[in-house]
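Presented below is the structure to which this report refers.
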Amino acid sequence: MKKILKETIRNSSTGVQAIDNVLPYVDDDKLAEIMKEQKQVMCDFYNRAKEGLPAEEVAEAEGNVISKTMMKAGASISAMINREPSHIAEMLIEGYQMGVTSMQKCVNETEASKDEVPDIAKELVRTYDKFIKSLRRFL
């Protein structure tokens with residue numbers, strides 16, 4: 001159960017950071033509104049998942065400063081160069097798709113080991129799918 005909660009924390013904190021990294025470059029009001037709503041949902045997942053773990057495991061799950069800094073630089077530069085809503089939406093969709101993949105792998109591994117899969121993990125996968133669908137109109 002700890003492993004899947006850590007993966008949920010990693011995914012949701014990365015999602016929040018990704019939105020924060022590109023939101024300053026979004027000129028489309030509708031896209032910005034959707035991104036802010038998605039960020040709030042990711043914050044909710046993060047807060048729910050961290051309730052099940054001690055603080056040191058939460059910090060470990062969030063990742064290190066270097067990887068966060070590199071992600072921020074890459075996303076910010078890409079968004080600065082191309083502010084088109086389709087580009088921003090594509091960046092987010094690609095990130096969410098990576099989240100679906102990593103979360104689903106973790107869910108499958110947990111199920112295969114006959115351990116209980118917390119509802120939050122399956123819910124996050126469904127939420128990523130909804131996020132992707134909501135962003136497709138900007139492509």
Side-chain angles (χ1 to χ4, degrees):
M1 178 101 119
K2 281 187 177 185
K3 179 181 177 185
I4 205 159
L5 288 176
K6 285 182 178 181
E7 187 66 19
T8 302
I9 288 169
R10 188 183 70 76
N11 264 273
S12 56
S13 67
T14 301
V16 168
Q17 182 185 0
I19 291 170
D20 282 344
N21 292 343
V22 298
L23 191 56
Y25 307 102
V26 175
D27 297 325
D28 185 288
D29 291 339
K30 290 181 182 178
L31 178 57
E33 182 180 323
I34 287 172
M35 291 172 65
K36 288 174 187 173
E37 291 169 3
Q38 291 178 351
K39 178 184 173 182
Q40 185 56 54
V41 172
M42 288 289 106
C43 287
D44 292 344
F45 273 104
Y46 173 83
N47 289 328
R48 287 172 46 206
K50 77 176 190 172
E51 289 175 6
L53 294 173
E56 61 273 359
E57 290 187 34
V58 171
E60 177 187 313
E62 288 177 345
N64 65 44
V65 174
I66 294 172
S67 65
K68 288 181 180 183
T69 303
M70 290 178 63
M71 184 178 108
K72 180 177 183 171
S76 296
I77 290 170
S78 183
M80 265 192 290
I81 292 171
N82 186 349
R83 291 176 173 240
E84 290 295 319
S86 62
H87 177 69
I88 303 293
E90 184 177 356
M91 289 172 60
L92 292 171
I93 288 169
E94 288 173 1
Y96 292 145
Q97 190 57 52
M98 287 190 299
V100 167
T101 301
S102 67
M103 284 303 301
Q104 191 61 57
K105 281 182 180 180
C106 197
V107 166
N108 292 350
E109 290 169 5
T110 303
E111 288 176 340
S113 66
K114 306 291 186 225
D115 289 332
E116 180 185 346
V117 176
D119 290 337
I120 191 172
K122 293 178 181 178
E123 187 181 337
L124 182 55
V125 171
R126 288 190 302 270
T127 299
Y128 278 143
D129 285 335
K130 289 178 190 174
F131 285 180
I132 291 167
K133 288 177 185 170
S134 72
L135 291 169
R136 284 184 183 153
R137 69 181 177 159
F138 295 98
L139 297 176

To the nearest 0.5 Å, how far apart are CD1 in Ile19 and SG in Cys43? 8.5 Å
Does some side-chain heavy atom of Lys6 sit less than 4.5 Å from a side-chain heavy atom of Leu53? yes
Which atoms form the tightest heavy-atom contact between Ile88 and Val26, and what is the distance? CG2-CG2, 3.8 Å
Atom CD of Glu109 and atom CD of Glu111: how far apart are they, to the nearest 0.5 Å? 11.0 Å
Between the side chains of Glu51 and Asn47, is a donor N or O closer than 3.5 angstrom to an acceptor N or O? no
Lys50 with Glu62: basic N within carboxylate O range, under 4.0 Å: no
Let me confirm one number: the NZ-CD1 distance from Lys2 to Ile9, rounded to the nearest 0.5 Å. 11.0 Å
Carboxylate-amine/guanidinium proximity below 4.0 Å for Glu33 and Lys30: no
Can you measure from CZ (Arg83) to NE2 (His87) and round to the nearest 0.5 angstrom? 11.5 Å
So for atom CD, which belongs to Glu116, do other residues, nucleotides or ligands contribute more than 12 heavy atoms lying within a distance under 6.0 Å? no
Pair Arg137, Ile34 - check side chain to side chain contact (heavy atoms under 4.5 Å, CB included), show working. CA-CA 12 Å; Arg137 69 181 177 159; Ile34 287 172; 3.0 Å; yes
To check you understand the geometry: which heavy-atom pair defines the closest contact between Arg10 and Ala61, and what is its length? CB-O, 3.2 Å
Measuring only between side-chain heavy atoms, which start at C-beta, is Leu31 closer than 4.5 Å to Leu135? yes
Derivation and outcome, side chain to side chain contact (heavy atoms under 4.5 Å, CB included), residues Ile132 and Gln97: CA-CA 8 Å; Ile132 291 167; Gln97 190 57 52; 3.6 Å; yes
Any side-chain heavy-atom pair from Asp115 and Ile4 closer than 4.5 angstrom? no
Measure the shortest side-chain to side-chain distance between Thr8 and Met103 over non-hydrogen atoms and say whether it is less than 4.5 angstrom. yes
Does a side-chain heavy-atom distance below 4.5 Å link Glu57 with Leu5? no
Under a 4.5 Å cut-off applied to non-hydrogen side-chain atoms, are Tyr128 and Met42 in contact? yes
Rounded distance [0.5 Å steps], CD1 in Ile93 versus CG in Leu139: 4.0 Å
Heavy-atom closest pair (Thr110 atom, Val117 atom, distance to 0.1 Å) is CG2-CG2, 3.6 Å
For Cys106 and Glu7, work out which heavy atoms get closest and say how close. SG-CB, 4.0 Å
To the nearest 0.5 Å, atom CG of Asp20 lies from atom NZ of Lys39 at 3.5 Å
Is the closest side-chain donor-acceptor distance between Ser134 and Gln38 under 3.5 Å? yes
With clusters defined by side-chain heavy atoms of hydrophobic residues (ILVMFWY) lying less than 4.5 Å apart, directly or transitively, does Met98 cluster with Tyr46? no
